[in-house]
There are 2 protein chains.
Amino acid sequence: MATMRAVDLIERKRDGGELSSEEIRWLLDGYVKGDVPDYQMAAWLMAVCVRGMSEGETVALTRAMVESGGQIDLSSLPGRKVDKHSTGGGGDTVTLVLVPLMAAAGLVCVKMSGRSLGHTGGTIDKLEAIPGLRTELTMAELLSQADRLGCVVADHTSELVPADRLLYELRDVTGTVPSIPLIAGSILSKKLAGGADAIVLDVKCGDGAFMRRHEDARELARTLVSVGNRLGKMFSALITSMEQPLGRMAGNALEVRQAIDVLTGAGPGDLREVVLALGGELLVLSGEARSADEARERLVSLLEGQEAWNKFRSLVVAQGGDVEAVDNPELLPRAMRVVEVRAERGGYVEKLAARAVGQAAGMVGAGREVKGQAVDLGAGVELLAKVGDEVVRGQPLARLHIGRPDRYEEAHAVLEGAFRIASERPGPPALVIERLP
Amino acid sequence: MATMRAVDLIERKRDGGELSSEEIRWLLDGYVKGDVPDYQMAAWLMAVCVRGMSEGETVALTRAMVESGGQIDLSSLPGRKVDKHSTGGGGDTVTLVLVPLMAAAGLVCVKMSGRSLGHTGGTIDKLEAIPGLRTELTMAELLSQADRLGCVVADHTSELVPADRLLYELRDVTGTVPSIPLIAGSILSKKLAGGADAIVLDVKCGDGAFMRRHEDARELARTLVSVGNRLGKMFSALITSMEQPLGRMAGNALEVRQAIDVLTGAGPGDLREVVLALGGELLVLSGEARSADEARERLVSLLEGQEAWNKFRSLVVAQGGDVEAVDNPELLPRAMRVVEVRAERGGYVEKLAARAVGQAAGMVGAGREVKGQAVDLGAGVELLAKVGDEVVRGQPLARLHIGRPDRYEEAHAVLEGAFRIASERPGPPALVIERLP
């Protein structure tokens with residue numbers, strides 16, 4: 001093979017051409033090693049953003065990314081290994097419920113998660129609202145807990161998919177984030193390196209999601225499932241609505257409280273429904289249930305019989321967390337001040353903008369604006385009314401749990417603006433919009 | 001004005017939007033100062049390559065580039081100041097004839113040129129084939145010579161358009177060279193910084209040119225003239241054919257010999273015609289002639305009356321060159337070995353591929369493959385037959401003047417392949433294809 005030159009590969013993509021698997025691997029490996037400089041990678045990423053990539057190119061990119069670092073080998077553990085991923089969207093408590101529920105169903109679920117930027121923290125931030133809970137586990141700890149308990153939630157180790165970290169940092173500052181093949185490579189490489197056999201993808205769609213339009217969400221879901229399957233794992237995807245927030249909480253300790261509610265048989269119905277739908281996919285994919293109905297029935301009984309709740313408690317104990325704080329959620333971190341947002345008129349909640357709710361939560365301290373910033377564990381938004389609810393003038397619609405007071409007034413106005421109240425009762429809000437494949 | 005962020009400007013261009021003049025200036029100035037890193041500029045350049053720029057954006061980019069460095073102020077000199085630019089194409093001796101011809105016509109022509117990469121050297125390399133001739137002049141020397149003589153050919157000083165040098169180096173390694181707005185910005189910024197009032201552009205088109213297709217050449221010419229006029233100078237453009245090489249020489253001393261031939265009343269007719277056409281444009285643009293016919297008549301008489309030749313000799317003397325070597329071109333550098341390429345069959349030359357002729361010249365030492373490499377001043381290609389000529393089998397078609405012998409055999413094969421001989425006499429080759437505006 002003749003010597004490759006990055007500029008030739010950039011030019012081919014610029015002109016809408018296709019790169020071979022060897023060429024994509026050469027480019028990615030060169031970038032990770034530092035032989036291909038940032039400016040060449042940035043030009044190639046922009047060409048990909050505008051020209052796209054074929055499915056074959058996306059497969060090659062994903063495989064090269066996975067192999068840029070270590071992988072978690074769960075093959076020695078008994079049972080099917082499952083995993084899930086949600087594409088960005090604020091106020092998503094699903095992971096905290098789904099992981100112990102899968103373990104309760106006899107599956108192994110090792111969830112690697114992060115501390116993303118954004119309005120509310122990542123799953124790791126949320127779990128750290130439980131005093132003492134550790135998420136930075138050694139590989140030996142992780143494997144031992146997975147074997148003993150069937151579930152783990154751990155911080156991304158730096159050895160997994162180093163190419164993704166490098167690429168993501170570059171994409172973030174070069175306007176090359178919104179590209180379906182690049183997003184797919186990022187998501188799938190991390191899932192594949194995580195060692196699961198069957199993976200369900202929760203592709204959020206709507207106002208509060210990264211993908212605001214249904215056709216974009218469908219294209220992402222289609223690419224994820226198709227490329228994931230070509231890489232030898234079982235994938236399915238649900239497109240779920242993030243038009244209004246899922247559940248009633250946006251914030252770290254607030255979402256832990258909400259997860260506990262769902263695990264102990266209470267909690268918001270929409271969140272519970274999405275958990276059951278995603279979990280059902282995993283049971284069917286991994287052969288633990290023959291149909292969606294059978295899977296659902298089984299999962300409902302595991303929630304009602306407290307098996308999932310017991311797994312959650314065991315996970316907290318195994319990872320060093322204070323189990324008293326989950327048995328009595330009043331002991332979880334709390335915001336220093338709580339303020340209500342009230343309805344300015346009576347009627348029906350017609351719209352509840354998920355993005356604005358997330359922004360308001362971020363403004364009072366639930367998220368981070370720059371890397372390394374501490375999140376306020378008690379801060380966030382608690383929703384008291386959702387789409388379709390009838391409200392009277394002056395009734396509390398939401399509570400702001402204020403951790404950082406400096407932007408409180410702005411947060412209050414944003415949260416107030418998130419609600420649109422109409423005289424007519426709206427149709428029922430969408431929840432699970434579509435299943436792929 | 002809110003703080004600008006490079007990533008917002010990149011994203012806007014990625015999505016096909018338009019940037020304001022202030023935004024373009026902010027981006028360019030930031031890049032020159034080092035505040036905007038290479039990787040962000042590379043992403044923006046790729047977005048421009050694929051999405052294009054409006055004429056207003058191109059005007060703003062060009063203006064910001066001009067103002068990134070110093071400019072040559074010729075306003076204190078009497079007479080109209082003219083300049084020309086040719087877009088890339090091998091074997092172009094036009095500048096060496098046109099500059100003294102313009103001075104002979106009473107105009108001031110200060111030509112800044114370079115030592116480009118490529119198959120044959122830049123104008124500066126060609127002039128350095130004249131022993132002793134200096135092209136690195138101080139601004140005082142340049143202005144004094146322009147005042148005294150009306151003509152100068154000097155090396156680009158590093159103070160002119162530093163943004164172009166930085167951008168060009170980045171574009172070269174990021175696959176972002178072939179973008180008409182970026183090419184226009186690069187060409188026009190250097191012409192505007194050069195201080196002329198009227199500028200003619202020789203946009204080469206065809207096999208040996210950067211623009212191979214007529215529609216691309218026309219789009220470039222149209223953009224150059226339109227943007228140039230909006231920046232307050234008089235511009236016109238000729239699209240000229242580089243299907244076969246212009247003239248009969250490709251190489252440094254070889255082209256000087258050819259320029260001397262044209263200046264002394266001999267030399268190839270096609271080269272002379274293009275010089276007269278471009279010079280005519282400048283005489284009309286600057287008000288020195290009322291029509292193309294009047295301009296042509298005047299220029300022919302300046303060539304026939306040796307006035308242009310005398311200006312050339314004075315320029316050589318003024319810049320320290322050995323005037324004996326131009327009076328007796330046998331004293332110019334010569335290649336160590338000359339080999340003929342002969343016709344393998346009889347017939348008519350139907351095609352003579354300009355690109356292959358340039359490549360062959362480069363292979364025997366006329367050009368440079370990497371920055372800073374020395375060119376062989378005597379090396380190159382001498383064409384003995386051109387399109388339309390009748391040839392018999394075994395007749396010499398060209399001579400290779402061999403400076404670097406290591407790739408001689410390859411050069412011979414390439415040059416042989418540049419000729420296509422047919423039984424039928426072809427139609428006359430195109431020369432000046434189109435005039436704009």
Side-chain angles (χ1 to χ4, degrees), chain A residues 3-19 23-24 26-27 30-32 34-53 117 166-183 210 212-213 216 369-371, chain B residues 3-19 23-24 26-27 30-32 34-53 117 166-183 210 212-213 216 369-371:
Chain A
T3 317
M4 288 193 198
R5 299 193 322 150
V7 70
D8 297 330
L9 307 187
I10 297 167
E11 288 176 358
R12 182 127 38 91
K13 184 47 69 185
R14 175 198 71 205
D15 297 337
E18 192 167 352
L19 272 58
E23 289 168 335
I24 287 176
W26 180 88
L27 192 66
Y31 182 58
V32 172
D35 296 341
V36 172
D38 279 339
Y39 52 80
Q40 289 189 317
M41 203 63 187
W44 183 76
L45 290 168
M46 180 56 80
V48 167
C49 253
V50 181
R51 298 296 194 189
M53 287 211 287
L117 287 176
L166 289 170
L167 278 185
Y168 196 83
E169 282 178 12
L170 185 60
R171 286 168 60 205
D172 195 40
V173 293
T174 55
T176 52
V177 170
S179 153
I180 283 178
L182 297 178
I183 295 168
F210 188 67
R212 298 176 87 147
R213 300 183 315 162
D216 294 335
E369 284 153 10
V370 293
K371 253 189 219 177
Chain B
T3 316
M4 288 192 201
R5 299 192 322 150
V7 70
D8 297 331
L9 308 185
I10 296 168
E11 287 175 358
R12 180 126 39 92
K13 183 47 71 185
R14 177 198 70 205
D15 297 337
E18 193 167 352
L19 272 57
E23 288 168 336
I24 287 176
W26 179 88
L27 192 66
Y31 182 58
V32 172
D35 295 341
V36 172
D38 278 339
Y39 53 82
Q40 289 188 318
M41 204 62 185
W44 184 76
L45 289 168
M46 179 56 78
V48 168
C49 252
V50 181
R51 298 297 194 188
M53 287 211 289
L117 287 175
L166 290 171
L167 277 186
Y168 195 83
E169 283 178 11
L170 186 60
R171 287 168 59 203
D172 196 40
V173 293
T174 55
T176 52
V177 170
S179 152
I180 283 177
L182 297 178
I183 295 168
F210 187 66
R212 299 175 86 148
R213 300 184 316 163
D216 294 335
E369 283 153 12
V370 293
K371 254 188 215 175

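Proteins get letters first, then strands, A, B, ... in listed order; numbering begins at 1 in each.
Among L170(B), V173(B), V7(B), L45(B), the residue making the largest number of heavy-atom pairs under 4.5 Å with chain A is V173(B). Among C49(B), A6(B), A47(B), the residue making the largest number of heavy-atom pairs under 4.5 Å with chain A is A47(B).
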For chain A against chain B, give me the donor-acceptor pairs closer than 3.5 Å, one per line with atom names and distance.
residue	atom	partner	partner atom	Å
R14(B)	NH1	G175(A)	O	2.6
Q40(B)	NE2	V173(A)	O	2.7
V173(B)	O	Q40(A)	NE2	2.7
G175(B)	O	R14(A)	NH1	2.6

Evaluate the criterion side-chain contact (heavy atoms from CB on, under 4.5 Å) for residue pair I10(A) and M46(B); output intermediate values, then yes/no.
CA-CA 9 Å; I10(A) 297 167; M46(B) 179 56 78; 3.3 Å; yes

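For L9(A), no part lies under 4.5 angstrom from a heavy atom of chain B.
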